[in-house]
Asks: 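The structure that follows is given in the form of structure tokens.
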Amino acid sequence: MKAIIIDDEKHVREGLMLLADWEKHGIDTIIEAEDGEEAAALITEHRPEIIFTDMRMPRRDGISLLKWLHSSDFGSKTIVVSGYDDFDYMRNAIAYKSFDYILKPIEPDVLNETLERAVAEWKEQARSRTSQAEESLVMNEVKPLYWDRLLSGLCTKKERSESAEKKIEKEFGISMSLAEKTVAILPLKSIVMKSFQGDYELAYSALTNICNEIVRKQNDGVCFRNINKEEELVILFWKNKNVMYLAEQISSFIYQSHKINCILALGKKSNDLSEAYTSAEQVYIKHHLLSQKRIVTGKETDIKPLLHLFDYSNELKWSIKSGSVAQAEKQLEQIFIKLVNEHTLSLEQIKLWENQFDLLRNNWMKEYEVHHHPVFYQGTDYWKEDGSFSFEKFKEEKKKEFSELIKLLSNVKYQKEKNNMQQIEEYLQQHYQEDINLQDIADRFFLSREYISRKFKQDYHATLTDYLTNIRMEKAKNLLENPYLKIYEVAYGVGYQNEKYFSKVFKRHVGLTPNEYRHSLTSKS
């Protein structure tokens with residue numbers, strides 16, 4: 001803690017310095033001043049907690065100093081030390097809230113008792129000020145949340161709430177039931193992505209401050225966070241003559257501050273807040289994104305039919321089945337052309353596209369019997385760096401989604417086909433002794449003969465018949481190592497009912513007859 005001693009007599013200042021038990025009371029810095037003028041400068045600079053002052057001083061006396069201290073917000077405790085038992089001095093000391101008035105010559109006990117009480121009271125008041133500051137901080141944080149919740153609720157409720165209207169009238173001085181209102185919706189997604197690195201809380205704070213700085217100046221309205229929608233601020237105007245001007249100011253100020261072209265969707269005037277909000281919401285979701293306007297109204301909403309991806313499901317399905325990304329992109333380009341020429345590219349249209357693509361993708365996944373898959377890419381970044389809508393980025397995002405799906409399904413198809421051929425190969429290994437033909441395999445695995453012939457040769461570099469013959473010949477070699485087995489027994493053991501035919505096939509495959517092969521094994525041993 002700090003203390004200042006103000007007296008034009010040096011021996012008085014020195015006496016106070018010696019008599020007071022500063023350390024006991026936690027005071028480690030003592031400042032001196034010869035008059036009120038010098039003291040005022042030192043008090044402003046050092047903000048001492050305890051002030052000792054004389055009343056009669058040159059330039060600026062004690063009464064003038066007390067007046068100045070009373071009008072200031074230092075929170076100090078002032079103790080008047082005077083050689084005059086003067087009623088006028090005491091009256092001024094009381095009037096300007098000095099802590100106590102002690103007379104010279106100063107008695108040590110009186111001085112330290114007064115100092116102890118002054119320090120104790122300052123500490124108590126300091127705790128109270130801290131508590132009030134903390135409460136004020138909490139209230140400042142909670143208050144916007146309260147109004148966000150109350151006003152958001154009124155945007156979605158048709159019925160009037162008298163208690164809510166009274167609170168609004170008390171806070172903003174406006175009658176909600178009488179005022180004709182206009183609502184503007186300020187969507188945040190592109191702004192947050194491009195200027196706030198995904199931090200919605202920071203965006204809410206910064207943009208709400210900008211909007212309220214403009215609309216609260218002349219009490220034209222209020223901006224609040226829509227707690228029902230994460231990506232939205234709402235600006236409520238209750239003085240309709242300045243709405244377009246204020247909206248342009250907000251848009252311009254946001255661009256100056258963050259270099260972002262935000263969209264402000266203005267609805268129709270209404271005495272009912274929920275109707276005013278619904279009108280703005282319709283403008284927002286239906287306005288033509290390619291118009292590139294920053295302030296949009298009902299004039300920017302074209303009444304054109306929505307494009308349905310379902311109408312192109314067959315064409316898209318065949319392009320996906322082809323496994324060609326280029327083929328799918330070609331098909332998508334044709335759809336994009338129709339979208340621009342025959343429909344309105346609105347947020348409503350984009351949402352419909354996204355929902356229908358999800359349904360189509362799920363159906364195609366079921367068709368390919370894909371039950372487990374990684375999280376799909378969700379292409380939603382349709383915005384340029386300045387926040388304006390980009391049709392080219394929209395197309396890129398949709399192409400990425402289709403490309404990912406095609407690659408996944410093509411890989412599934414390949415693995416499925418590969419698994420089919422592996423199963424056929426395993427079947428041949430296990431049933432080589434039986435009479436097997438291509439039609440039997442086709443019937444067993446529910447595949448066409450042509451597909452099996454083509455795919456099996458592609459994977460195993462041999463026809464199915466040649467592969468089966470190779471298996472049989474390898475097994476026959478093993479059996480011929482046993483000298484007690486007859487040739488016809490070996491033939492029968494590897495699936496041949498005719499000994500002569502077996503011998504012919506064996507010689508063609510190995511280069512020796514079965515007997516010659518057996519003798520070659522004996523000669524080697």
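All values below were derived from every heavy atom in this structure, side-chain atoms included, with hydrogens, water molecules and symmetry-related copies excluded. Sequential numbering from 1 along the given sequence is applied to the chain's residues.
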Asks: Give me the atom names and distance for the closest heavy-atom approach of S270 to A276.
Replies: CB-N, 4.0 Å
Asks: Is K399 paired with E333 through a side-chain N to carboxylate O contact shorter than 4.0 Å?
Replies: yes
Asks: If we count only N and O atoms by modelled type, under 3.5 Å, do the side chains of Y467 and E425 hold a donor and an acceptor together?
Replies: yes
Asks: Ion pair present between R444 and D440, side-chain N to carboxylate O less than 4.0 angstrom?
Replies: no
Asks: Counting only heavy atoms from other residues, nucleotides and ligands, does the tally under 6.0 Å from NZ of K259 exceed 12?
Replies: yes
Asks: So W353 and F394, ring pair (Phe, Tyr, Trp, His ring centres under 6.0 Å) or not? Walk me through it.
Replies: CA-CA 11 Å; W353 178 301; F394 170 78; 5.6 Å; yes
Asks: Do W238 and V222 pass the side-chain contact (heavy atoms from CB on, under 4.5 Å) test, and can you show the C-alpha distance, the side-chain angles, and the key distance before you say yes or no?
Replies: CA-CA 9 Å; W238 46 61; V222 65; 3.9 Å; yes
Asks: One thing to verify: whether E281 and K229 come together as a salt bridge, which I'm taking to mean a side-chain N less than 4.0 angstrom from a carboxylate O.
Replies: yes
Asks: Should the pair F196 and H258 be assigned to parallel (<30°), tilted (30 to 60°) or perpendicular (>60°) ring geometry?
Replies: tilted
Asks: Applying side-chain contact (heavy atoms from CB on, under 4.5 Å) between Y312 and each of L360, L307, L332, report the one that passes.
Replies: L307
Asks: Run L150 and F224 through side-chain contact (heavy atoms from CB on, under 4.5 Å) and show every step you take.
Replies: CA-CA 10 Å; L150 187 145; F224 60 93; over 6 Å; no
Asks: Parallel, tilted or perpendicular: which fits the ring planes of F506 and F502, with parallel below 30° and perpendicular above 60°?
Replies: tilted
Asks: Determine all donor-acceptor pairs shorter than 3.5 Å in which one atom belongs to a side chain in residues 489-500; sequence neighbours excluded.
Replies:
from : atom 1 : to   : atom 2 : distance (Å)
E489 : OE1    : K486 : N      : 2.8
N498 : OD1    : K500 : N      : 2.9
N498 : OD1    : Y501 : N      : 2.9

Asks: Quick one: do E201 and R225 make a salt bridge, cutoff under 4.0 Å?
Replies: yes
Asks: So that I can tick it off, tell me whether K166 and E169 are bridged by a salt bridge, with the cut-off set at under 4.0 angstrom between side-chain N and carboxylate O.
Replies: no
Asks: Output, in order, the C-alpha distance, side-chain angles, deciding distance and verdict of side-chain contact (heavy atoms from CB on, under 4.5 Å) for H308 and Q356.
Replies: CA-CA 8 Å; H308 291 262; Q356 292 192 352; 2.8 Å; yes
Asks: Regarding D381 and K393, does a basic nitrogen lie under 4.0 Å from an acidic carboxylate oxygen?
Replies: yes
Asks: Salt-bridged, E275 to K181, with N to O below 4.0 Å?
Replies: no
Asks: Can a salt bridge be assigned to the pair E474 and K477 using a cut-off of 4.0 Å between side-chain N and carboxylate O?
Replies: yes
